[in-house]
Amino acid sequence: MITLFTNPTLSSINRNPLQDFCVPDLESSPTNSGYPCKLQVTSEDFFYSGLNTPLNTSNPKGTAANSANLMTFPGLNTMGISMYNVEIAPGGYNPPHSHPGSTEAGVVIEGSVLVGFLTTNYTLYQKVIGPGDMFVIPPGLIHYEGNVGKTQSRLLTVVADDLPGEVVLPHTLFATKPAIPNAVLMKAFKADSKTINMLRTKFTT
């Protein structure tokens with residue numbers, strides 16, 4: 001859900017492994033099919049405490065997240081799932097983004113959160129939800145979350161991939177290297193070159 005700069009080649013592509021599990025050896029070099037399995041596995045490989053680390057939402061987006069994915073919780077390897085503890089400051093928004101090929105679901109723990117997603121026929125579905133309310137985002141669709149309340153909000157979210165990718169629309173369009181030609185963006189947004197250049201300055205990487 002929150003910005004995750006990941007490399008999909010590091011995650012195993014086999015979602016129906018022949019063995020019970022494959023806890024990866026992250027100290028080894030990955031291949032196109034993922035990391036090799038550890039030879040020595042312990043109970044600790046299947047438990048994780050990192051989601052309760054304090055978060056700081058003092059940033060331009062007003063959002064922060066703790067991640068439990070393949071790289072932070074290796075026991076999730078080949079399980080096709082990752083989890084996130086997300087906090088959003090009042091007025092903060094997680095900008096429009098997508099997780100290619102992956103469904104996302106979540107539940108609000110605290111606060112009032114506006115959750116919305118867009119379909120491929122340009123229909124918007126959105127709702128303000130509160131503690132105990134759950135949401136689901138269909139695979140790969142553009143979506144966003146924002147805190148519309150007066151207090152900090154918190155969500156627990158799950159993405160159907162052990163190392164999900166994320167495409168954040170503003171940064172994808174305006175912060176690529178090399179840059180998308182101005183002429184392309186001018187046509188797409190029906191804007192002049194000065195406006196496109198101004199937008200680029202807002203999304204430097």
Side-chain angles (χ1 to χ4, degrees), residues 1-6 47-69 71-73 76 81-175 189 191 195-196 198-205:
M1 171 178 148
I2 300 297
T3 307
L4 305 170
F5 295 102
T6 59
F47 298 89
Y48 181 67
S49 301
L51 288 183
N52 61 3
T53 303
L55 293 167
N56 181 6
T57 57
S58 298
N59 57 65
K61 292 192 299 183
T63 64
N66 289 325
S67 305
N69 57 37
M71 302 307 295
T72 60
F73 184 12
L76 292 175
I81 192 172
S82 54
M83 181 172 280
Y84 305 87
N85 176 32
V86 182
E87 289 192 12
I88 310 176
Y93 277 87
N94 194 21
H97 63 283
S98 68
H99 306 293
S102 297
T103 300
E104 178 179 334
V107 60
V108 176
I109 306 301
E110 302 172 2
S112 297
V113 181
L114 173 66
V115 178
F117 69 87
L118 300 164
T119 68
T120 53
N121 66 357
Y122 311 112
T123 301
L124 170 65
Y125 295 92
Q126 66 173 7
K127 185 177 181 179
V128 175
I129 57 178
D133 293 334
M134 187 176 177
F135 66 90
V136 64
I137 309 297
L141 295 187
I142 296 168
H143 59 285
Y144 54 86
E145 304 87 19
N147 185 345
V148 295
K150 296 182 179 179
T151 60
Q152 199 86 346
S153 63
R154 186 163 72 92
L155 310 84
L156 290 178
T157 66
V158 174
V159 179
D161 195 303
D162 52 33
L163 191 63
E166 183 174 66
V167 178
V168 183
L169 266 64
H171 293 79
T172 300
L173 292 171
F174 295 106
F189 290 96
T195 300
I196 298 301
M198 180 274 294
L199 289 170
R200 288 191 196 279
T201 66
K202 304 292 184 180
F203 299 101
T204 56
T205 56

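Keep in mind that the numbers below use all heavy atoms, side chains included, and drop hydrogens, waters and symmetry copies. Worth saying up front: this structure is predicted, and the values here are computed from it rather than measured.
- Not counting sequence neighbours, the partners of F73 by the ring pair (Phe, Tyr, Trp, His ring centres under 6.0 Å) test are Y48.
- Side-chain contact check for H143 versus P96: every heavy-atom pair is 4.5 Å or farther apart.
- For T120, the side chain to side chain donor-acceptor pair (under 3.5 Å) test picks out no residue, with sequence neighbours left out.
- Atom-to-atom distance recorded for I137:CD1 and L118:CG is 9.5 Å, nearest 0.5 angstrom.
- In plain terms, the two heavy atoms of A65 and V86 that are nearest each other are CB-CG2, 4.1 Å.
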Query raised in the report: Could you walk me through whether F135 and V113 pass the side chain to side chain contact (heavy atoms under 4.5 Å, CB included) check?
Result: CA-CA 11 Å; F135 66 90; V113 181; over 6 Å; no
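- Across every non-hydrogen atom of P138 and V136, the tightest pair is CD-O, 3.9 Å.
- In this structure, the side chain to side chain donor-acceptor pair (under 3.5 Å) partners of T119, at least two apart in sequence or on a different chain, are N121.
- The nearest pair of heavy atoms linking V108 to E110 is CG1-O, 3.5 Å.
- Side-chain contact between D161 and H99 is absent, with no heavy-atom pair separated by less than 4.5 Å.
- Pairs of residues two or more places apart, or lying in two chains, never qualify as ring-ring contact (aromatic ring centres under 6.0 Å, His included) while including a residue from residues 144-167.
- Note that the CG atom of L76 and the OG atom of S67 stand 11.0 Å from one another [nearest 0.5 Å].
- Considering only residues two or more places apart in sequence or on other chains, V128 meets the side-chain contact (heavy atoms from CB on, under 4.5 Å) condition with S112, L114, V148.
- Considering CD1 of I196 and CZ of F174, their distance stands at 5.0 Å, rounded to 0.5 Å.
- Between the CD1 atom in I109 and the CG atom in L155 there is a gap of 7.5 Å [rounded to 0.5 Å].
- With sequence neighbours left out, the side-chain contact (heavy atoms from CB on, under 4.5 Å) criterion links T172 to V167.
- The two atoms that bring N56 and S58 nearest to each other are OD1-N, 2.9 Å, heavy atoms only.
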Query - Candidate pair F189 and L173, rule side chain to side chain contact (heavy atoms under 4.5 Å, CB included), full reasoning - result: CA-CA 11 Å; F189 290 96; L173 292 171; 3.7 Å; yes
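- Residues that satisfy the side-chain contact (heavy atoms from CB on, under 4.5 Å) test with P139, not counting sequence neighbours, are T103.
- Nearest heavy atoms, P95 versus K61: CD-CD, 3.4 Å.
- To the nearest 0.5 Å, atoms OG1 (T157) and CE (M83) are separated by 8.0 Å.
- With sequence neighbours left out, the side chain to side chain donor-acceptor pair (under 3.5 Å) criterion links T151 to no other residue.
- Taking every heavy atom of both residues into account, A89 and Q152 meet most closely at CA-OE1, 3.4 Å.
- Looking at N66 and N52, their side chains never come closer than 4.5 Å, going by heavy atoms from C-beta outward.
- Checked against side chain to side chain donor-acceptor pair (under 3.5 Å), N85 has the following partners two or more places apart in sequence or in another chain: R154.
- Taking CD1 of I88 as the reference point, atom CG of L55 lies at 11.0 Å (rounded to 0.5 Å).
- Applying the side-chain contact (heavy atoms from CB on, under 4.5 Å) rule to S82 yields the partners N69, Y84, V159, P164; only residues at least two apart in sequence or on another chain are considered.
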